[in-house]
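A note on names: the letters A, B, ... follow the listed sequences, proteins ahead of strands, and every chain is numbered from 1. None of the values given here were measured: they were computed from a predicted structure. As a basis for the values below, the full set of heavy atoms in this structure was taken, side chains included, without hydrogen atoms, waters or symmetry mates.
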Amino acid sequence: MPEKAPFYITTAISYPNGVPHIGHAYEAIATDAIARFMRLDGYDVYFLTGTDEHGQKMQQTAAKLGLTARQLRDQNVPAFEKMVQAMGCSNDDFIHTTEERHYRASEELWRRMEKNGDIYLDKYAGWYSVRDEAYYAEDETHLNEHKVRLASKTGTPVEWVEEESYFFKLSAYQDKLLKLYADVPDFVLPKERLNEVASFVKGGLKDLSLSRTTFDWGIPVPGNPKHIMYVWVDALTNYITGVGFPDDSSEQFKRYWPAALHVIGKDIVRFHAVYWPAFLMSAGVAVPKRIFSHGFLFNRGEKMSKSVGNVVDPFTLAETFGVDQLRYFFMREVPFGQDGNYSYEAIANRINADLANDLGNLAQRSLSMVAKAFGGVLPEPGAFTAEDQTILAAADAMMDVAREHMKTQQLHHVLNAVWSVVADANRYFASEEPWAKAKTDPQRQGTILYVTAEVIRQVAILAQPFMPTSSGKFLDLLAVSADERGFEALAAGKRLPHGRQLPAPQGVFPRYVEPEADPNAAPEPKAEKPKKQKKQPKEPKPPTEPA
RNA sequence: GGCGGGGUAGCUCAGCUGGUUAGAGCGGCGGAAUCAUAAUCCGUAGGUCGGUGGUUCGAGUCCACUCCUCGCUACCA
């Protein structure tokens, strides 16, 4: 048996200063779909997700609640672990940045960067707004009529503050990073994101403040525990901690690093495409192969926010529609890499049309005919007609198309290709009219049913990464054994064996029916919402994805 | 302000290097069928391709200008 190629894939780690939201779930689902796809395609996949538990914001949020940072962490983190499970994720590990192994990894990465001469102690100075808790550059401030200096963006007063800080010589990595982007044109996908990053880097890089002395919830700097590592050093390091760093001679590390893919939100592209490779280059560790930036999800065109009252809990969505249905919706409806919209109607429409009607009903009508007319034994097909061959050829072509799209993580295109065959199969079934053949030509009826079952088999195998449980049910209905469900079962010449006794057909995707209007139970607020987000002044602190 | 994307049927979007009557899905409408989860199939939708002016035998598809919109423009993550 040939050696499996390794494929290390990660989500960003979530920042648990609140509860998991739909953005966290989306990223987990998408990453899981890719991980499952690659596994089924014969790769040795290692899939890591986790939580980023340090930082000033955790400490602040905790303080507001009268808790310690550690207590807040203990309170919030379990929900993230549960969420990943509830979304059906197949992660091999779940990392917490408060774990001992992660301290060791972060400290070692720091030491290596320091040893390479890229870390130096200096003063961080700038115009600091106490109210915004943020530094501003000189040109981001102005003097008002009373000669008081204000942050231009927020209008809050600023004062000159100097703070001792370690710095990373990011400026020394400008050319190396630009070379990386040139040498690996798919280093960041979608391409627009790489362009943005490249133009940022071309604009010149300043050294990066790498430590803080103003709070203590984090990893102390080796040799100078007054300083806490800048949380991004800590956070990014999770990716190598997860495969055994600092033991970089371990089998695990050698096997899986560099990562094949970091899946992240578009708001943190810079940290992953600029800082992270620079840190790694400095420490003499290989850089990841690819970073994929997904978009944001909007509820009816609006950013989720408490004031709008459209905060949607991923657990509730999964309970309402089913995990697999929810996964399918996000993977099919949202072009991966772009922003997307969702609403209860959109989800219901999509899963009813594609899952209940097109696929579920096709399976039900064909398999119940097998049960009725053939005693549940999949009939042996006769000679294939041109029509049979056409639909079979369409099914046989799916795998290559899917692999091609998966090379660039075009998940929605994978599903488009599969569901285009589902539509073909429905047309085939309708025009062949197997129900009319029961009396006139049972042999032909059997062939039509066999062909339909074979197409469903292929569809179900390819749908597994997206809807693991439901796809498994279809394969159960076809009596496909566990070792016949990998993508190698879609290789040329592989066909559903006839003559097997099939279990009694059961619906896999029930139609979603909106609960009767009940103001208390109705999941969807019926208030009219504008289609597009109204233009609003930019908030000083835009809501973000997990760090 | 600078750089980079977008503005195409009611909705979500395809339309590569310019070339016959501008496409898909969903929705809507009409019809067929009745094996099936009232699911499926067939037909239909006449949209100034943001606006104006150009280049060309010919332009959503190239150029200029213009309107609108989104993203990036570093140290909260």
Would you classify A:Asn357 as touching base, sugar-phosphate or nothing, given that sugar-phosphate means primed atoms plus P, OP1 and OP2, and contacts are heavy atoms under 4.0 Å? sugar-phosphate
Determine the contact category for A:Val274: base if any of its heavy atoms lies under 4.0 Å from a base atom, sugar-phosphate if only primed atoms, P, OP1 or OP2 are that close, otherwise nothing. nothing
Flag the pair A:Glu53 and A:Arg70 as a salt bridge only when some basic side-chain nitrogen lies within less than 4.0 angstrom of an acidic carboxylate oxygen. no
With distance as the sole criterion, do the side chain of A:Asn361 and the base of B:A36 form a donor-acceptor contact below 3.5 Å? yes
Using the C1' atom on both, measure B:A14 against B:G54 and round to a whole Å. 28 Å
For this output row, return yes or no: ring centroids of A:Phe321 and A:Tyr344 closer than 6.0 angstrom. yes
Select base, sugar-phosphate, or nothing to describe what A:Asn17 touches, counting heavy atoms under 4.0 Å on all strands. nothing
B:G54: syn or anti, per glycosidic angle within 90° of 0: anti
With both distances under 3.5 angstrom, what nucleotide forms a Watson-Crick or G-U wobble pair with B:C76? none
Which part of the nucleic acid does A:Gly360 contact within heavy-atom distance under 4.0 Å: base, sugar-phosphate only, or nothing? base
Considering every strand and a 4.0 Å limit on heavy-atom distances, what is the contact class for A:Asn349: base, sugar-phosphate, or nothing? nothing
Would you say a side-chain N or O of A:Lys372 is under 4.0 Å from OP1 or OP2 of B:A36? yes
Examine the side chains of A:His102 and A:Thr98 and answer whether a donor and an acceptor come within less than 3.5 Å of each other. no
Does A:Tyr230 reach a base, just sugar-phosphate, or nothing at all? Heavy atoms under 4.0 Å. sugar-phosphate
Regarding A:Gly204, tell me which of base, sugar-phosphate or nothing describes its non-hydrogen contacts under 4.0 Å with the strands shown. base
Pairwise C1' distance for B:A45 and B:G23, with rounding to whole Å: 13 Å
If you take the centroid of each ring, where Trp contributes its six-membered ring, are A:Phe292 and A:Phe336 closer together than 6.0 Å? yes
If we take the C1' atom in both B:U20 and B:U61, what is their distance in whole Å? 16 Å
Looking only at side-chain atoms of A:Trp435, point me to the closest of B:A74, B:C35, B:A77. B:C35
Quote, to the nearest angstrom, the P distance that separates B:A24 from B:G46. 14 Å
Looking at A:Phe298 versus A:Tyr342, is the centre-to-centre ring distance below 6.0 Å? no
Determine the contact category for A:Arg427: base if any of its heavy atoms lies under 4.0 Å from a base atom, sugar-phosphate if only primed atoms, P, OP1 or OP2 are that close, otherwise nothing. sugar-phosphate
Sugar-phosphate, base or nothing in reach of A:Leu205, heavy atoms under 4.0 Å: base
Pairing donors with acceptors under 3.5 angstrom, does anything connect the side chains of A:Asp118 and A:Tyr173? yes
Between A:Leu362 and A:Arg350, who's closer to the 5' end of RNA chain B by nearest nucleotide? A:Arg350
Could you let me know what B:A64 is paired to, Watson-Crick or G-U wobble, both distances under 3.5 Å, or none if it's on its own? B:U52
Classify the ring geometry between A:Trp232 and A:Phe271 as parallel (under 30°), tilted (30 to 60°) or perpendicular (over 60°). parallel
Nearest-nucleotide wise, let me know which of A:Phe167 and A:Gln338 is further upstream toward the 5' end of RNA chain B. A:Gln338
Rounding to the closest angstrom, what is the interatomic distance between B:A32 and B:U48 at atom P? 33 Å
Strictly by Watson-Crick or wobble contacts shorter than 3.5 Å, is anything paired with B:A39, and which nucleotide is it? none
With both distances kept under 3.5 Å, what pairs with B:G28, Watson-Crick or G-U wobble? B:U44
Check every atom of B:A77, B:C35, B:U37 against the side chain of A:Arg511 and return the nucleotide holding the closest atom. B:U37
Using a heavy-atom cut-off of 4.0 Å across all strands, would you classify A:Leu367 as base, sugar-phosphate, or nothing? nothing
Tell me what A:Ser368 touches on the nucleic acid: a base, only sugar-phosphate, or nothing, going by heavy atoms under 4.0 Å. sugar-phosphate
Identity of whatever pairs with B:C3 - Watson-Crick or G-U, under 3.5 angstrom: B:G71
Does A:Gln364 reach a base, just sugar-phosphate, or nothing at all? Heavy atoms under 4.0 Å. base
